[in-house]
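The model shown is predicted, which means the values in this text are computed figures rather than measured ones. Side chains are part of it too, since the values below use all heavy atoms of this structure and drop only hydrogens, waters and symmetry mates. We're numbering straight along the sequence, starting at 1.
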Amino acid sequence: MYHCGGYAFCVFAGCSRTASGGEKGTLELNKKYIHESDVRLDETVQRYFNFISADEGKYHYYAVSPLNDKMIYSYTITFHYKIVGEMVNCFFDSVEYDTVDTEKNASTGWSYTLGADVDFLLQTNGIYYINEDYLKEIPNFDADDANT
């Protein structure tokens, strides 16, 4: 399977502030949380979360099938979310396919549960989605040469 859907993850994280300075669980609103392996890629091919209000967010997904480079998955899911304890739980609302998407294969059963922090989201398999502002504090993250 080359698209996201139905994955459940759980971890712990601390409390943080929203962009407006008020308390909102563990998320920063209106900032991209970029998949760790996509931070140096163009925005159109990144996988990322963006929490746009107190209960709604967007998840952008992009992948090319390793078996057939003409199979492209590229879409944005709008989701509703709820914070329970230190976890953010995201549930499918709608999908908008990018013009390059050839598969139209997003699942209405798409959901995510992630540990959250103002600086990153974390899946139990160790994959991070890093806040775009926090990347400025770790400028050599995913650099081409560790000796620079």
Trace of the side-chain contact (heavy atoms from CB on, under 4.5 Å) decision for Y61 with I77: CA-CA 8 Å; Y61 182 76; I77 289 178; over 6 Å; no
Apply the test side-chain contact (heavy atoms from CB on, under 4.5 Å) to residues V88 and T113: give CA-CA distance (whole Å), side-chain angles for both, the deciding distance (0.1 Å), then the verdict. CA-CA 6 Å; V88 59; T113 299; over 6 Å; no
Could you walk me through whether F141 and E36 satisfy the side-chain contact (heavy atoms from CB on, under 4.5 Å) test, starting with their C-alpha distance in whole Å, then the side-chain angles of each, then the deciding distance to 0.1 Å, before giving a yes or no? CA-CA 9 Å; F141 181 82; E36 66 182 276; 3.9 Å; yes
Take Y48 and E43, measure what side-chain contact (heavy atoms from CB on, under 4.5 Å) needs, and give me the verdict at the end. CA-CA 9 Å; Y48 61 85; E43 179 178 33; 3.9 Å; yes
Walk me through it: do H60 and D98 pass the test side chain to side chain donor-acceptor pair (under 3.5 Å)? CA-CA 10 Å; H60 184 261; D98 297 334; 3.0 Å; yes
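Here CG of D117 is found 10.0 Å from CD of E28. Values are rounded to the nearest 0.5 Å. Separation of atoms CD (E103) and CE (M71) is listed at 4.0 Å; rounding is to 0.5 Å. With rounding to the nearest 0.5 angstrom, the CZ atom of F51 is 4.5 Å from the SG atom of C90. Atom-to-atom distance recorded for D93:CG and E56:CD is 6.5 Å, nearest 0.5 angstrom.
Ring pair F49/W110 is tilted by interplanar angle, where 30° to 60° counts as tilted. Between Y59 and Y112, the ring planes are tilted. Angles from 30° to 60° get that label.
With hydrogens and angles left out, the side-chain atoms of K58 and T76 include no donor and acceptor closer than 3.5 Å.
Hydrophobic clustering (ILVMFWY, side-chain heavy atoms < 4.5 Å, transitive): I34 and I138 are in one cluster. L41 and I72 fall within a single hydrophobic cluster, where Ile, Leu, Val, Met, Phe, Trp and Tyr are joined by side-chain heavy atoms under 4.5 Å apart, directly or via other members.
Contact detail for M87 and G115: the closest heavy-atom pair is CE-N, 3.5 Å. Between A106 and V95 the shortest heavy-atom distance is CB-CG2, 3.8 Å. Across every non-hydrogen atom of F92 and S107, the tightest pair is CD1-O, 3.5 Å. For the residue pair D101 and K104, the shortest heavy atom distance occurs at OD1-N, 2.7 Å.
In this structure, F91 has its ring center at least 6.0 angstrom away from the ring center of H80. Taking the six-membered ring for Trp and the full ring otherwise, Y128 and F120 have centroids separated by under 6.0 Å.
Under a 4.0 Å N-O distance rule, the pair K82/D55 does not qualify as a salt bridge.
Under a 3.5 Å cut-off, the side chain of T102 and the backbone N or O of K70 do form a donor-acceptor pair. No side-chain donor-acceptor contact under 3.5 Å links Y33 to the backbone of D119. Between the Q46 side chain and the D38 main chain, a donor and an acceptor come within less than 3.5 Å of each other. Remark: side-chain polar atoms of N131 are paired, donor with acceptor, to backbone N or O of V118 under 3.5 angstrom.
The number of heavy-atom neighbours closer than 6.0 Å to CD of E96, taken from other residues, nucleotides and ligands shown, is 12 or below.
Checking each of L27, N89, L114 against Y81 for a side chain to side chain contact (heavy atoms under 4.5 Å, CB included) leaves exactly one that passes, namely L27.
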